[in-house]
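This report concerns only the one structure given below.
A, B, ... follow the sequence lines: proteins, then strands. Residue 1 opens every chain. All of these numbers come straight from a predicted model, not from anything done at the bench.
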Protein chains: 2
Amino acid sequence: MGYTLEDIARMAGVSRSTVSRVLNNHPNVRPEVRERVWEVIRRVGYQPHAAARSLATRRSQVLGLVIPEAVSTLFTDPFFPELIRGMTDACYARGYLLTLALFQSPEQGRRLLHRLLSSHAVDGLIVASARLNDPLIPRLLEDGFPFVSIGRHPDPRVSFVDADNVAGARMAVEYLIRRGHTRIATITGPMDMAAAQDRLEGYRQALRARGLPLDRRYIVEGDFTQEGGRAAMQQLLGLQPRPTAVFAASDAMAMGALKAAREAGLRVPGEVTVVGFDDIPQAAYLEPPLTTVRQPIVRMGALAVQLLVEQVERGAQPQRVVLPVELVVRGT
Amino acid sequence: MGYTLEDIARMAGVSRSTVSRVLNNHPNVRPEVRERVWEVIRRVGYQPHAAARSLATRRSQVLGLVIPEAVSTLFTDPFFPELIRGMTDACYARGYLLTLALFQSPEQGRRLLHRLLSSHAVDGLIVASARLNDPLIPRLLEDGFPFVSIGRHPDPRVSFVDADNVAGARMAVEYLIRRGHTRIATITGPMDMAAAQDRLEGYRQALRARGLPLDRRYIVEGDFTQEGGRAAMQQLLGLQPRPTAVFAASDAMAMGALKAAREAGLRVPGEVTVVGFDDIPQAAYLEPPLTTVRQPIVRMGALAVQLLVEQVERGAQPQRVVLPVELVVRGT
DNA sequence: ACCTCGCTTGGGAGCGGTTTCAATTGGATG
DNA sequence: CATCCAATTGAAACCGCTCCCAAGCGAGGT
């Protein structure tokens, strides 16, 4: 606790500069000196002072995870913990730390963001699934600040990592079609989120590909929450003819839909079938177990960190990565 | 982007020192000068360079949230997001940032912790519900490093914030007793966690207080997960006489228990009643809605930050806070 | 034997703040 | 009007690291 470069240098009988070179793997150090210095470093468990190093390198070795207020209500989704797991591991492996920027209001968001950026507290940001019209992203672009978005963004300057939501939704709906359903409804997410748009697009593509009619009334907007799914399902159950299957754009909404169906006295499955999206842990435990679409969330987090670090350290160009998803067929 | 103290000083026609004094609210600055300096600071949106300040003050203004590997499997619980919400807000309000230390293995944990501590990257840590025998806490104590535990710890030198698990469990079991149950079983958490011990203790107290017998076979250890709850319930259902009610020490386990009961062909409620603990969002949506115990998680997070900051900034003595919980009676 | 050149090494100037200390100022006091 | 003291201000040292630059060194070439 409390050694400095100077101390290590003295103990190893060299200068501060040499110890610094050893620490940073500079080539021009005689091997035996290098070893002698490492010896001392290991022995006393020396770690360079983060702030001092940041000050000199103009790098904080910290990344930030931004969760805008618009999605912070979804924060209790298991999506975020998994994302964070993927991100922290990738960060630590590269010598970075991960800090949280959780906004509860636009005002708080603006203030915190300003502080974060202009105090040089973070080298780059990962923005978790903002709404498409969130002012956050234009602002970061304007500032030229390195960031990666989780979830696609139309602007070509934006790096992002996304799951193939279109394909996932298509697979889910095709599955329903193969099971013989023809009156298939969907409960979408908030339509200002890319994931919601893409899942709806996948639904449309699947119907079109099989030549099924597209009934506007069968498309109801939800908000990715259980309660929203329930409300949307109640609306669907009032239709004539009633849909026999529903593709919910999230498992939470699928659970709400199931509840609504049961409350209406319908047998599930039997009179109505529901599939979801996300593969949250509960999905397997529902009665009946939910067929759903699994995204590689941990990988997405890790990849986002990788892209961001490349951007920060080597000024890499914007990259757009879409990862494949997987249909998980269960009881329904 | 990129003003320094020097720049501000020049623009305001004063010296670096004076600007520093203004920023840090030192008393001895003439009011008109102070105002003139603030003027400039606001106009250009100046923020001091975090690393430079840290280097000089020997404070990073960053707190860390440690999630030991033992509980990182529970990370998908809604418990953590809520805790984090409470913590981030409290941090921002005090000018701190929150960084994550998520361990996936003891080895990774040790390394990261060493790096965190000796690089002065964080001023203090909040340790999320470690197991009682986790070597983490003795180590922090030995280093004299400021930290607060979420969940009680026997060592008197440890500051902690905890929910009143004993009372919560007692309330849940008393509720079952009032409903006329006499054969009440419990599914506990891992017994090396304080919360699990305390909830079991509450169960015991309730039975004892009402003069009900304590049947060892009615106490089965789970692991706080849904699957663990299911397995434990299967064991309970094999007993003669079968318990008519079960207190599960977590909602996740309660859900697993419900599933096991249904798989065994039992009516719920009716042939068996289940209550839980935690009040996770799904609890209200179960069929039937789950009676459970709610902890003030957000407040716990905020309070932990407050205690930690007092410890860091004013060297406050260890404090132990236990917050009241609330029984949420639902359908069961 | 002398010179060049490349590899090692150490010295020192920052990086952008805080804080000590001494100098200056202005008002109160005798 | 001279003296003293507190309030205000600026200069400079320092926090611990990186990196530029110049000096020292030995090897290879002539």
Side-chain angles (χ1 to χ4, degrees), chain A residues 1-38 40-41 44-62 95 115-123 313, chain B residues 1-38 40-41 44-62 95 97 115 117-123 313:
Chain A
M1 204 84 176
Y3 288 101
T4 91
L5 254 201
E6 197 71 54
D7 299 330
I8 305 299
R10 197 169 341 100
M11 295 165 84
V14 296
S15 76
R16 215 166 63 241
S17 316
T18 299
V19 180
S20 175
R21 286 189 194 97
V22 170
L23 276 174
N24 296 289
N25 285 317
H26 280 270
N28 294 342
V29 178
R30 209 150 29 102
E32 68 237 50
V33 174
R34 183 185 299 276
E35 188 43 44
R36 180 150 42 96
V37 172
W38 270 123
V40 178
I41 291 178
V44 306
Y46 169 76
Q47 275 288 120
H49 192 295
R53 176 175 270 194
S54 296
L55 186 56
T57 58
R58 332 189 101 264
R59 286 270 169 75
S60 65
Q61 299 291 102
V62 175
R115 194 180 138 212
L116 232 39
L117 297 203
S118 41
S119 75
H120 301 261
V122 295
D123 293 336
E313 295 183 349
Chain B
M1 204 83 179
Y3 287 101
T4 95
L5 254 202
E6 195 73 52
D7 298 331
I8 305 299
R10 197 169 339 101
M11 296 165 84
V14 296
S15 77
R16 218 162 68 238
S17 319
T18 298
V19 181
S20 175
R21 286 191 192 96
V22 170
L23 276 173
N24 296 288
N25 285 316
H26 279 271
N28 294 342
V29 178
R30 210 149 30 102
E32 67 235 52
V33 172
R34 182 187 299 277
E35 187 44 43
R36 181 150 42 95
V37 171
W38 270 123
V40 177
I41 292 179
V44 306
Y46 169 76
Q47 276 288 121
H49 192 296
R53 176 175 270 194
S54 296
L55 184 56
T57 58
R58 333 191 97 258
R59 285 271 169 75
S60 65
Q61 299 290 104
V62 175
L97 255 30
R115 193 178 140 212
L117 297 203
S118 41
S119 75
H120 300 261
V122 295
D123 293 336
E313 295 183 350

Please list each protein N or O that sits under 3.5 Å from an N or O in nucleotides 13-16 of chain D, with the distance.
unit_1, atom_1, unit_2, atom_2, d
dA13(D), N6, R16(B), NH2, 3.1
dC15(D), O3', R58(B), NH2, 3.1
dG16(D), OP1, R58(B), NH2, 2.4
dG16(D), N2, A52(A), O, 3.4

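Taking 4.5 Å as the limit, some side-chain heavy atom of S15(B) sits within range of a side-chain heavy atom of T18(B). In this structure, Y3(B) and I41(B) have side chains that are not in contact, with every pair of non-hydrogen atoms separated by 4.5 Å or more. Looking at D7(B) and V44(B), their side chains never come closer than 4.5 Å, going by heavy atoms from C-beta outward. A 4.5 Å side-chain heavy-atom check between L97(B) and Q61(B) finds every atom pair outside the cut-off.
OP1 or OP2 of dG10(D) lies within a sub-4.0 Å distance of a side-chain N or O belonging to T18(B). Residue N28(B) places no side-chain N or O under 4.0 Å from the OP1 or OP2 atom of dT9(D).
Computed from coordinates, the H26(A) NE2 to dT18(D) C1' distance equals 8 Å when rounded to whole Å. If you measure from atom CZ of R21(B) to atom C1' of dA7(D), you get 11 Å, rounded to the nearest angstrom. Separating the CD atom of E6(A) from the P atom of dC17(D) is a distance of 9 Å, rounded to the nearest angstrom. Atom pair R10(B):CZ and dG10(D):P shows a separation of 14 Å (rounding to whole Å applied).
No donor-acceptor pair under 3.5 Å is formed between the side chain of S60(B) and the backbone N or O of S54(B). With hydrogens and angles ignored, the 3.5 Å screen pairs a side-chain donor or acceptor of R34(B) with a backbone N or O of P27(B). Between the side chain of S20(A) and the main chain of R16(A), no donor-acceptor pair closer than 3.5 Å is present.
Of the inter-residue distances, the one linking L5(A) atom CG with H49(A) atom NE2 reads 11.5 Å to the nearest 0.5 angstrom.
For S17(B) and dA11(D), a side-chain-to-base donor-acceptor distance below 3.5 Å is present, hydrogens and geometry of angles not being considered.
Contacts between chain A and DNA chain C, taken as any atom within less than 4.0 angstrom of a protein heavy atom, begin and end at dT8(C) to dG16(C).
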